[in-house]
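First up is the structure itself, then whatever we jot down about it.
Proteins get letters first, then strands, A, B, ... in listed order; numbering begins at 1 in each. These values consider heavy atoms only, across backbone and side chains, with no hydrogens, waters or symmetry-generated copies.
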Protein chains: 2
Amino acid sequence: MKTGTPRAKRRFKDDVYAALARVPAAIANPHRLELLELLGQRPRTVADVAGEAGLSIANASQHLQVLAKCGLVEVERHGTFAFYRTTSVTVYRLLQSLHEVANQHDRAIAEVFAKHLGDRDRGIEDWEKARALMRDPRVALLDARPAEEYAAGHLPKAINAPLEGLRSGKVSLPRSKRYIVYCRGPFCTFADDAVAILRERGFDATRLDLGPLEWQAAGRQLSNVG
Amino acid sequence: MKTGTPRAKRRFKDDVYAALARVPAAIANPHRLELLELLGQRPRTVADVAGEAGLSIANASQHLQVLAKCGLVEVERHGTFAFYRTTSVTVYRLLQSLHEVANQHDRAIAEVFAKHLGDRDRGIEDWEKARALMRDPRVALLDARPAEEYAAGHLPKAINAPLEGLRSGKVSLPRSKRYIVYCRGPFCTFADDAVAILRERGFDATRLDLGPLEWQAAGRQLSNVG
DNA sequence: TTCATATTCAAGAGATTTATTGAACAAAGG
DNA sequence: CCTTTGTTCAATAAATCTCTTGAATATGAA
């Protein structure tokens with residue numbers, strides 16, 4: 001009965017799928033998902049991400065070990081500090097796909113996004129368009145992430161304009177330019193906030209719905225200068 | 001202590017990550033992963049996939065409902081039959097990313113693949129190269145999947161050469177041509193088997209490490225003719 | 001109507017995952 | 001040496017997931 005799948009092949013498949021399933025199992029937890037996105041930006045210590053994600057240190061450490069066990073993150077130890085970071089850009093691609101699927105098919109998450117992002121303007125969504133705009137010398141590129149993340153690598157020619165700097169007025173920008181603002185990526189809200197602040201003050205600002213990881217995924221290098 | 005993340009933002013993030021995590025939770029099970037890959041090919045009934053994956057029907061039904069609940073698969077009912085299929089190509093991209101990450105970082109799965117695929121020749125891995133070869137009229141494209149899957153959609157100009165057909169000799173091919181063989185995708189082994197059979201019989205055959213879903217992901221249409 | 005088929009539902013035992021707790025360890029400074 | 005700091009380990013109760021079982025539903029055929 002049925003086309004007899006050879007038993008040996010069954011077993012092989014079982015192994016493959018069991019091994020494969022370990023990765024989604026590792027990211028099937030809200031906290032680990034958050035940690036993974038935090039670590040995608042730059043190496044961070046356990047206490048650091050624990051604080052940002054609202055977890056106890058022991059708990060964060062355990063979650064990080066789960067992520068490390070299937071190769072999603074790796075550790076580098078300096079003294080008593082353990083700096084965790086994602087292992088490669090393929091991890092980011094996985095998260096990206098996850099966002100895509102969730103947004104497309106999960107009504108709940110689409111609602112969550114819709115509710116909190118409101119009817120925000122969609123920004124620029126592809127590199128070609130962004131690069132075309134950037135050729136105009138009257139257009140400047142702003143990086144709305146915190147200074148540390150900017151320092152760890154940013155888009156070429158981007159100027160760091162972290163939110164606190166914008167709010168406090170520490171970052172002062174010429175009013176003659178037009179600004180394109182990016183942050184971590186399409187699902188990060190730093191650039192939205194930055195655009196709102198800038199517009200409030202009469203600047204011409206537009207969001208770029210792409211970030212450094214998309215830039216790398218497109219096969220390009222980040223800059224560390226400036 | 002710490003840069004005070006506003007409480008409202010915390011809550012919002014919790015919602016987002018909780019919603020996001022439902023998708024990996026759904027695919028964090030070997031059986032569901034297998035079902036998802038089976039359904040990626042064409043719509044199939046519960047009993048059908050249950051048989052192929054070695055599950056009881058009730059169990060398969062439950063797993064399928066988990067997948068459906070977060071929008072990874074959808075049902076279409078015809079009489080008493082329930083045909084399940086993946087909802088969109090974004091689901092395939094997610095699985096693709098998963099394979100990439102797992103192969104790259106999970107030693108266990110890399111070993112599983114290495115062990116079972118042996119040191120198989122890497123096939124053709126990009127469409128440009130494949131298309132360049134296909135321009136030669138002495139080269140023919142073979143689809144090594146079962147006839148049903150071929151009928152549901154295949155690459156333009158591909159000839160169906162299912163494994164049973166090749167083994168039994170029902171599919172006879174001119175020896176004057178050179179063959180490029182594909183199947184479901186880079187992680188499917190049908191094409192490997194087909195290439196092995198063909199070479200054993202003196203044909204010039206090469207594997208194409210891409211399939212119909214990669215073809216669609218590249219923005220192209222499948223053919224139903226032939 | 002009755003029967004057979006394809007699927008879904010509901011409940012429960014057994015296994016796994018999660019957050020918490022407090023202890024243990026290891027590096028650096030005094 | 002002792003103390004502090006950052007991290008990891010180990011144990012546990014609570015929650016969740018998994019598979020099986022047997023019943024329930026719903027369609028189509030006789």
Of B/Leu36, B/Ile27, B/Thr86, the one forming a side chain to side chain contact (heavy atoms under 4.5 Å, CB included) with B/Leu94 is B/Ile27
Handout entry: Residue-phosphate contact under 4.0 Å: B/Asn29 side-chain N/O, D/dT18 OP1/OP2
Key = yes
Open item on the list: Can you tell me if A/His63 touches the phosphate of C/dA19, counting only side-chain N or O atoms and a distance under 4.0 Å to OP1 or OP2?
Closed with: yes
Taking [atom1] from [X] and [atom2] from [N], how many angstroms apart are they, rounded to a whole number?
{"X": "B/Glu34", "N": "D/dT18", "atom1": "CD", "atom2": "P", "answer": "15 Å"}
{"X": "A/Lys69", "N": "D/dC9", "atom1": "NZ", "atom2": "C1'", "answer": "12 Å"}
{"X": "B/Ile27", "N": "D/dT18", "atom1": "CD1", "atom2": "P", "answer": "13 Å"}
{"X": "A/Arg22", "N": "D/dC17", "atom1": "CZ", "atom2": "P", "answer": "20 Å"}

- Are side-chain N/O atoms of A/Glu37 and B/Tyr17 paired as donor and acceptor at under 3.5 Å?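 Yes.
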Original post:
Is the closest side-chain heavy-atom distance between B/Leu33 and B/Leu95 below 4.5 Å?
Top reply: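 Yes, close enough: below the 4.5 Å cut-off.
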Comparing A/His78 with A/Ala28, nearest DNA chain C nucleotide closer to 5' gives the residue A/Ala28
Residues passing the side-chain hydrogen bond (donor to acceptor under 3.5 Å, both in side chains) test with B/Ser88, sequence neighbours excluded, are A/Gln104, A/His105, B/Thr90
With B for base contact, S for sugar-phosphate-only contact and - for none (protein heavy atoms under 4.0 Å), nucleotides 3-10 of chain C reads ---SSBBB
So which atom in A/Leu35 and which in A/Ala60 form the shortest heavy-atom distance, rounded to 0.1 Å?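 The pair with the smallest heavy-atom distance is CD1-O, 4.3 Å.
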message: Parallel, tilted or perpendicular: which one describes the rings of A/Trp127 and A/Trp215, with boundaries at 30° and 60°?
response: perpendicular
